[in-house]
Amino acid sequence: MSDVLSTHRAFYDAVETGDVDLMSSLWVDDVHTSCVHPGAEPLRGTDAVLRSWTLLMANVGYIQFFLTDVEVNTMPPGAEEPDTAVVTCTENILSGEGVESVDAFSGGKAVCTSILVRDRSSGPWKFWSRHASPVIDIDPEAPEEP
């Protein structure tokens, strides 16, 4: 499982550092590759997926992910050399345009499911699909609107 988690973490490292080459190396080159960013329509095909990440990385001043609730399941279950892994996690996100003051930062949370695959010859794990959805924290103490 450590090789799956290493690839998964490398994805976040690529986003945090704006490393387009690393990001490109982590995705399967296939017309069926897909990515759903929070609140967005699905993107299909590696070119469209990588273009979206390149634009995101170019337009974010600062971003850092703190991952919690990370779980890995492999397919086929119990296989000695699985070829598919499903990674779920909660992304606790800190971002900002400037780092001059604490007020420049904002936070958010998303839940994410990533499907990683590798070829039967035990090649490197690569992303085939990713879907992130925002988590909206509702304050139980907040008054209800009419």
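As a basis for the values below, the full set of heavy atoms in this structure was taken, side chains included, without hydrogen atoms, waters or symmetry mates. Just so you know, residue 1 is the first one in the sequence shown, and it goes up from there.
- The salt bridge (charged side-chain N to carboxylate O under 4.0 Å, His left out) check on R9 picks up D13, E16, with sequence neighbours excluded.
- Residue I136 places its CD1 atom among 12 or fewer non-hydrogen atoms of other residues, nucleotides or ligands, all under 6.0 Å distant.
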- Message: As a quick check of understanding, evaluate side chain to side chain contact (heavy atoms under 4.5 Å, CB included) for L5 and V70, giving each step before the final call.
- Response: CA-CA 9 Å; L5 288 173; V70 179; 3.8 Å; yes
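- Closest of all the heavy-atom pairs between H32 and D30 is N-OD1, 2.6 Å.
- Here T74 contributes atom OG1 and D83 contributes atom CG; the two are 9.5 Å apart, rounded to the nearest 0.5 Å.
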- Task: Assess whether side chain to side chain contact (heavy atoms under 4.5 Å, CB included) is satisfied between R130 and C112, documenting all intermediate values.
- Result: CA-CA 7 Å; R130 181 177 189 281; C112 182; 3.6 Å; yes
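- Nearest approach of M57 to G18, heavy atoms of both residues: SD-CA, 3.7 Å.
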- After noting the C-alpha distance and the side-chain angles of F65 and L94, does the key distance pass the side chain to side chain contact (heavy atoms under 4.5 Å, CB included) rule? CA-CA 7 Å; F65 294 88; L94 181 63; over 6 Å; no
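- Residues L43 and V36 form no side-chain contact, since every pair of their non-hydrogen atoms from C-beta on lies 4.5 Å or further apart.
- Among all heavy-atom pairs drawn from P124 and R118, the shortest one is O-CB, 3.5 Å.
- A distance-only check finds a donor-acceptor pair linking the side chain of T7 to the backbone of D3 [under 3.5 Å].
- The two atoms that bring H8 and C89 nearest to each other are CE1-SG, 3.9 Å, heavy atoms only.
- The two residues C35 and W53 come nearest to each other via the heavy atoms SG-NE1, 3.6 Å.
- Under the 4.5 Å side-chain heavy-atom criterion for grouping Ile, Leu, Val, Met, Phe, Trp and Tyr, F127 is connected to L56 within one hydrophobic cluster.
- Side-chain rings of W125 and F11 stay apart, their centers remaining 6.0 Å or farther from each other.
- Taking D19 as the reference, nothing meets the salt bridge (charged side-chain N to carboxylate O under 4.0 Å, His left out) condition, with sequence neighbours excluded.
- When every heavy atom of T46 is checked against every heavy atom of V28, the shortest pair comes out as OG1-O, 2.6 Å.
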- Query: Should T84 and L116 be marked as a side chain to side chain contact (heavy atoms under 4.5 Å, CB included) after you check the CA-CA gap, both sets of side-chain angles, and the distance that decides it?
  - Reply: CA-CA 6 Å; T84 305; L116 287 75; over 6 Å; no
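- Between L67 atom CG and T88 atom OG1 the span is 11.0 Å, to the nearest 0.5 Å.
- Between S34 and S129, the side chains place a donor N or O and an acceptor N or O closer than 3.5 Å (distance only, hydrogens not considered).
- Counting heavy atoms from C-beta outward, V87 and E71 have side chains that stay 4.5 Å or more apart.
- Between the side chain of N92 and the backbone N or O of K109, no donor-acceptor pair lies under 3.5 Å.
- With rounding to the nearest 0.5 angstrom, the CG atom of L50 is 8.5 Å from the CG atom of D29.
- R44 contributes no side-chain N or O that, together with a main-chain N or O of V49, makes up a donor-acceptor pair within less than 3.5 Å.
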- Task: Go through the steps to decide whether Q64 and Y12 satisfy the test side-chain hydrogen bond (donor to acceptor under 3.5 Å, both in side chains), and finish with yes or no.
- Result: CA-CA 8 Å; Q64 188 173 8; Y12 292 97; over 6 Å; no
